[in-house]
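Keep in mind the model is a prediction, meaning the values are calculated, not measured. Scope of the values below: all heavy atoms of this structure, side chains included, with no hydrogens, waters or symmetry mates. Lettering follows sequence order; numbering is per chain, from 1.
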Amino acid sequence: MTPTVTISHVAKSFGQVHAVEDVSFEVYAGEIFGLLGPNGAGKTTTIRMMLDIFKPERGEVSVLGGAIDEAKKNRIGYLPEERGLYKDLKLEATLIFLATLKGVSETTARKKAVDWLKRLDLYDHRQKKIQELSKGMQQKAQVIATLLHDPDLIVVDEPFAGLDPVNTRLIEDIIREQQQAGKTIVMSTHQMYQVEALCGRIALINKGRTVLYGEVDQIKHNFAGNAIVVKGQGDFTNVPGVLETRHTNGDWHMALAAGANPQDVFKALAAREGLKIERFEIAEPSLDDIFISVVQGNPEALNA
Amino acid sequence: MRKLWIVAKNEYAKIVRKRSFLLGTLALPIFFIGIMVLSIVTTIGTDQQPVGYVDQTGWLSANAAPPADSAQRLKMLPFVDEAAARTALQNKQIQAFYVLPKDYLQTGKIMAYGWDKEPSAAAQSDFRYFLRANLVASLPQDVRQRALDGINLTARSADGAQEINGNAIINFFLPFALGFFFIMAVMNSATYLLQAVTDEKESRTIEVMATSLSPNQLIGGKALGLIGVALTQIVILCLTIGIGLGLGSNSIDFLRGVRVPWSMLGVALLFFVPAYVLIAGMMIAVGAAVTEVRQGQQLAGALNMLYTIPYFFVIIFMTNPNSPLSTLLTLFPTTAFVTITLRWGLSTIPIWELIASWIILVGSAIFSIWAAARVFRSGMLRYGQRLNLRAMLSAVRVKAE
C-alpha cells in the first residue's frame, strides 16, 4: 500500500537553531495519524515541510504520490495551530474566499458553507467579523475552512484548542466521519487522551528527531512495566526511578524512568518510613506516561 | 491565474469597503464639487443681475449693440447719468455699473461702481467683451469674430513630434497635482501594504494561504488588487475634475479657457501603474522582513523619499529641463513618474527617454514583485525574527526555502 504521506529523514535549520534534525514517518490512506511531541520538538516545522511551506534541507517529502504542486494543494486541508483567519473579514465571506482558493466554485462554496455553519452552530454569526467571534467559535470556523473544500488529506494542528467539551466531542465526531469517508488525517496535539481515542498510529518527535513511531496499542504493550499504580497513605513523591508521580482519584500513578525496575521502586517505597501501601500494581501505561517517559527519561530512539 | 484573480478581487473589496478608503477617496471630490456648486449657487444668486453703464463719450450710446452670443452673457443696461445708475444700483436692479469718461477712447480708463463690492468676475468679463464687440462692430463679420475669439495656439517642439500645450496654468499646476496625488497614493498604499503583510504574519493566515496558492499568486494578487484600488481613485479623481470643470466653466470665467492636456494625463497613467507596482513590491518585501509595523514604517519612510527626490530639483527642471540630472531622474525607476510629469509642461522630453524610462520602470516593477514574493516566502513564517538585508538578498538569489 502506497503511503499518502512519506516523510523521510527530513532536516531543517533556522540560523543556528536545528528545528528538525531527522524525522521520518509514513501516513496511510484512511488513517488518523498522531504527531506528538513536547513544545519546540519540531512538530510544526515538520508539518510545514510536509505542506511545502518550508523546503527541507535534507530528506524527502512525498504527499499524495509525490511533491506538492498547485493541483495537490486543492486536495489538502490544513488547520494551523494558531488560527489563520483574516480577523477583519466576515465569517461567511472568509469561508467562501478560502474555499474558492482551493478550486471550489463560489456557488458550491456558499452552499457548503451554509451547511457547515449550521452544523457547527455558527450560522447566526455568519455576518460577524472573525474578530467578533469567541475563541471557540473561531476554532470551529477554522475547522470549517479546513474541510469546506472536501480535502483528501487533512492536517490538523491542535484541533481542540479553545473548545468546550461539547464542541470537542463535535469535532471528534467530525474527524471520525472524515476518516470513515476515506480521508487521511494527520493530527498534531498535546492532548494524549484525544490521541488514544482517535489515532491508530503515532510518531513522537523530540528535539527534532522521531523517537517513537508505530501503532498505539503496540507502543503501549511495549511500554507495559514502565508505569505503576499505588494506593496507600503517605507521601509517594520523589521516589528513585520514578520520573513523574500523579495523584488521581486516590491512586498514585508513577511513570518510571527508562531502565527502572518496578521491583526496585517497590523496595524503595517499602523502605520509606511513614508510608502505608494498600495496593501496588504494574499498569498499562497511558500515552501520557509513555510521552513523559520517552521525552524526559529516554533520549534515545525507541521505535516499536 | 484564477487564484491570483480571486486574491486580487478579495484584496480590492477589502480595501474599498473600508471606511477610511471611502473617506479618503471621496472626501476631496465631494469637497471640490461642493465648492463648485456653492460658487455656482452664489453666482446664480447675485451675479446674474444686469450690469449698467453710463457712456459720457456718446460713442457707445450711438453704436451699442449686444454681441452675437449675448444670450450666454449678462445683460447690459444703458443709463443717462450716474445718478440714474446709482438709483438702479440702490434698488438692486443692477449688480454694478460702469462709467465711460469723455476721454475713454484716448485713455481707455473706465470707472466701475458696486454697492458694497467690486463687480463680479462675470460682470467684468462680460462688460469687457461688450466693449470689444462694439469697438469692432464696424469690421467685416469674420474679422470681427476672430478679434473677439482671439488666437487658437498650438505649439510644437522643433522637430514637430510633440505638442507643447500652451495652457500655462494647467502646465504649471497639473504636474504638481498629479505628483501630489501619486505621492499620496504611494504613501497610502505603502502603509496599507506594510499593515497587510505584517497582519498576514501576525494573524498566521499566511500558513493557510501558503497551502492554497503560491507566494507569487498571493503577492501578485495583492499587488493587482491595490492597482485596482489606485485606478479607482484615478477614475474618481478624473470624474471629479471633469464634473468640476463642466460645472465650473459655465459660471467661473477662469475655468472657461482650461483645456485638459490629455497627452500628459495619458503618459502619466502609463507610468503610474508600474511605478505603483514597484513601490508595492518594495513594501511587501519590507513587510515580510520586519517583525513589527513600526519597524517597517521607518524603512517605508526612507523608500518614500526616493519618490519625492524630483521635487528637490524643481528649479533645475524649470531652468534647464533637459539637463543630465533631469535625464537621470527620468530614467531612474522611483523618480521617473514625478520627473516626467514635472518636465512635461516645461519642455519637450525626448521620445527615447520616455521609452527607455518606461521599459526600465516596467522591468523594475516586475522584478520588484518577483523578488518580493521570494522575500515574502523566506520571511513569512519567521515570527518574531527580522530578516536582515543579507538574508533578503539571499532569499532573492536562492530558489526558495
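Looking at residues two or more places apart in sequence or on another chain, you find no salt bridge (charged side-chain N to carboxylate O under 4.0 Å, His left out) involving A:E158.
Proximity to chain A is limited to the side chain of B:R2, based on heavy atoms less than 4.5 angstrom apart. In this structure, the portion of B:K14 lying under 4.5 Å from any heavy atom of chain A is its side chain and not its backbone.
Within residues 117-132 of chain A, no residue has any heavy atom under 4.5 Å from a heavy atom of chain B. Contacts of residues 64-76 of chain A with chain B at a heavy-atom distance below 4.5 Å involve A:E70, A:K73, A:N74, listed in sequence order. Residues from residues 89-113 of chain A that place a non-hydrogen atom less than 4.5 Å from a non-hydrogen atom of chain B comprise A:L89, A:F97, A:L98, A:T100, A:L101, A:K102, A:G103, A:V104, A:S105, A:E106, given in numerical order.
Side-chain atoms of B:E207 and A:L51, non-hydrogen and from C-beta on, never get closer than 4.5 Å to each other.
When all heavy atoms are compared, the tightest approach of A:Y86 to B:T205 is N-CG2, 3.4 Å.
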